There are 2 protein chains.
Amino acid sequence: MIAVENIRRVYTPGGTPVVALNDVSLNIGTGEFVAVMGPSGSGKSTFMHIIGCLDRPTSGAYRLDGEDVSGFSKDKLAEVRGKKIGFVFQGFNLIPRTTAVENVELPMLYNGFEAKERRRRALEALITVGLEEKADRRPNELSGGQQQRVAIARAIVNDALIMLADEPTGNLDTKTSQEIMELFVRLNREAGKTIIVVTHEPDIASYAKRTVRFRDGNITKDERKW
Amino acid sequence: MIAVENIRRVYTPGGTPVVALNDVSLNIGTGEFVAVMGPSGSGKSTFMHIIGCLDRPTSGAYRLDGEDVSGFSKDKLAEVRGKKIGFVFQGFNLIPRTTAVENVELPMLYNGFEAKERRRRALEALITVGLEEKADRRPNELSGGQQQRVAIARAIVNDALIMLADEPTGNLDTKTSQEIMELFVRLNREAGKTIIVVTHEPDIASYAKRTVRFRDGNITKDERKW
Ligand SMILES: Nc1ncnc2c1ncn2[C@@H]1O[C@H](COP(=O)(O)OP(=O)(O)OP(=O)(O)O)[C@@H](O)[C@H]1O
Ligand SMILES: Nc1ncnc2c1ncn2[C@@H]1O[C@H](COP(=O)(O)OP(=O)(O)OP(=O)(O)O)[C@@H](O)[C@H]1O
Ligand SMILES: [Mg+2]
Ligand SMILES: [Mg+2]
């Protein structure tokens, strides 16, 4: 379902170009649960943004469900994201002057849900991450771990078949981290979601059935557990 | 050196007041290395902001080096922060259109260092966290773990006697986390810095000699190792 072939991503911000991804090829099948690990700066978030249709590679191909997305217009990419992908960002990316429940409703605006149904689903997602009493709070009124959980609720609310989670437990205590990983396991087993989690914690990676390791913009290891 | 007595912090954003800190009393001596743990939303960051002179308690007293800071003006608090406290924020709080080295130089503006000396010290701090080649990059050109390390460099650059680090390794791989914690141990042992680290990872807390646990705005445990 996710087929990446010889992906290269070079940033040229002025001065020396930065090779964030060098030559990355990977196939992830429907319903897999994959952990992505690797040192700081090794290209994990860059990879996630490309497969999440938020960024284009400098060269190489990306086929999502058999379709080559490099041909897609901006609008088509936004539609694909809204329908197929739930994304938990490393920096949360919550909208500042917007309440938690409104932040969680956002991905559903593309999906044709009525306002009442969006509100119901958003509150349900907040209950799932233990934050229903914070529904009307804005991000600056929430703790770091609460903001992270709002970002997680936003990623599950549109029932997308793919979940991309970039360090989803970085700000959570051990107990809450386990609850979130058990949620992901349920979504994978019961709803058949394809889940890719970037993490630097081996305990979190152990919930996945396959671990892919990055180093200096390349994949250096790809291990399945049985 | 840090004496907190019956601190209470209530937020009243409109609607139900939120008791972030209920009744917190704690003494931390010069040169101690303390880990602060507790569930998401239990008051850790609120506590750190108060002892870091970035926020005032609703009631209760805070004496820093024997002086009651509740009497201080805004300017006096800014001066105390610039001279005495290095702060690593949970959300990094880097300035967006400013390079890494300029971000690291910021705390020194209060300390009377010349421009050349500020630049030298800032580059040295970036070398210490392994980021010298990213000195001229802006935050949006850096990975999550690189931004976190710039925030750490900024907290060590003014040689402040107190370091407050709120989840400083949340976005770092295991190896880099260990390097950062070993840096903190060196600063504590060799430079006599008083260090308080909020973390939810027991491996990180084990570098400290004392662990304080929060729950629902109260301290529920305070343990020293021997
Ligand atoms: N400006 C605010 N207005 C209302 N409530 C707030 C505000 N800031 C923080 N809070 C609330 O205060 C409580 C404590 O927050 P704090 O950030 O100190 O928690 P924390 O222990 O650091 O959590 P985490 O581990 O998730 O970072 C939380 O319930 C939070 O929602
Ligand atoms: N806009 C940009 N301009 C220049 N370089 C960039 C830009 N964005 C990212 N980079 C660089 O690309 C490399 C890979 O970054 P990426 O965010 O993918 O790393 P990562 O593996 O997610 O790291 P972390 O674990 O620290 O989050 C880094 O060296 C980073 O500095
Ligand atoms: Mg990253
Ligand atoms: Mg916090």
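Just so it is clear: chains get the letters A, B, ... in the order the sequence lines come, proteins before strands, and each one is counted from 1. These values consider heavy atoms only, across backbone and side chains, with no hydrogens, waters or symmetry-generated copies. Here the structure is a predicted model, which means the values were calculated and not measured.
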Residue part contacting chain A, namely of B/S143, when any heavy atom lies under 4.5 Å: side chain
Structural part of B/T169 lying under 4.5 Å from a heavy atom of chain A: backbone
Row check, A/F184 ring normal vs A/R186 NZ/CZ: under 6.0 Å, within 45°: no
B/R138 versus chain A, the contacting section by heavy-atom distance below 4.5 Å: neither
B/Y207 ring center near B/F33 ring center (under 6.0 Å): no
Contact winner vs chain A - B/N171, B/T199, B/T174, heavy-atom pairs under 4.5 Å: B/N171
Interface residue of largest heavy-atom contact number with chain A, from B/L172, B/D203, B/V18, under 4.5 Å: B/L172
Sidechain-backbone polar pair: A/N103 side chain, A/I95 backbone, donor-acceptor under 3.5 Å: yes
Side chains of B/T176 and B/E179, donor plus acceptor under 3.5 Å: no
Proximity breakdown for B/E201 and chain A, heavy-atom pairs closer than 4.5 Å: side chain
Contacting region of B/Q146 [heavy-atom separation from chain A under 4.5 Å]: both
Residues A/R9 and A/D55 bridged, charged N to O under 4.0 Å: yes
Charged N-O contact under 4.0 Å between B/R224 and B/E32: yes
Portion of B/S45 that has a non-hydrogen atom of chain A nearer than 4.5 angstrom: neither
Under 4.5 Å from a heavy atom of chain A, the part of B/K134 involved: side chain
Residues B/R210, B/D222: salt bridge by 4.0 Å N-O rule: yes
Largest heavy-atom contact set with chain A, pairs under 4.5 Å, which of B/R137, B/M37, B/E167: B/R137
